[in-house]
Amino acid sequence: MESRRRDMELLSNSMAAYAHIRANPESFGLYFVLGVCFGLVLTLCLLVLRLSCRPSPQPPARPGDLSEDDEDDDEDEEDTVDRAASESLLPVTEIPLESHGPGDGALAVNVFASAEELERAQRLEERERIIREIW
């Protein structure tokens with residue numbers, strides 16, 4: 001009996017709201033536009049807050065100072081060569097040239113800086129492929 005009473009109250013309130021909107025379409029339009037504008041302003045504020053509170057990126061640590069000895073410079077060069085060799089072992093995703101128009105300067109690009117990002121991208125591609133198959 002209680003649920004029937006709630007249903008009747010909901011129906012009655014809905015009919016009253018509809019009647020009020022029918023009688024005052026200007027006020028309904030005004031409140032609707034006001035709500036949309038408030039939502040847009042709130043979204044803009046949250047976006048600005050998110051961008052302004054983001055921690056600034058730390059510059060990569062340099063392998064050595066410029067004021068070190070020549071012997072240290074030789075060691076730094078060896079470290080740099082070792083680091084470059086290890087970075088070249090990371091998987092490289094190449095963008096095929098056929099997908100681009102002629103003369104737009106498309107080259108093979110190392111898109112992923114870490115194996116973690118590559119794995120994440122592969123999972124995303126797999127999800128997209130599954131979604132396309134479902135549709």
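Just so you know, these numbers come straight off a predicted model, no measurement behind them.
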- Query: Say you draw a straight line from CZ of Arg123 to CG of Leu118; how long is it, rounded to the nearest 0.5 Å?
  - Reply: 10.5 Å

- Results of side-chain hydrogen bond (donor to acceptor under 3.5 Å, both in side chains) for Glu133 - residues two or more places apart only: Arg129

Would you tabulate the side-chain donor-acceptor contacts of residues 2-19 under 3.5 Å, counting partners in other chains and residues two or more places apart, or write 'none'?
unit_1	atom_1	unit_2	atom_2	d
Asn13	ND2	Glu9	O	3.3
Ser14	OG	Leu10	O	2.8

Anything under 3.5 Å between a donor and an acceptor, one on a side chain of residues 27-52, the other on a protein residue two or more places apart or in another chain? List them.
unit_1	atom_1	unit_2	atom_2	d
Ser27	OG	Asn24	O	3.0
Thr43	OG1	Gly39	O	2.8
Ser52	OG	Val48	O	3.1
Ser52	OG	Leu49	O	3.1

- Note on the structure: Sequence neighbours excluded, the answer for side-chain contact (heavy atoms from CB on, under 4.5 Å) partners of Arg127 is none

- Message: Other members of the hydrophobic cluster containing Ile131, with the 4.5 Å side-chain heavy-atom rule, please.
- Response: Trp135

- Task: Could you work out the complete set of other residues in the hydrophobic cluster of Ile130, with links drawn between I, L, V, M, F, W and Y side chains under 4.5 Å apart?
- Result: Ile134

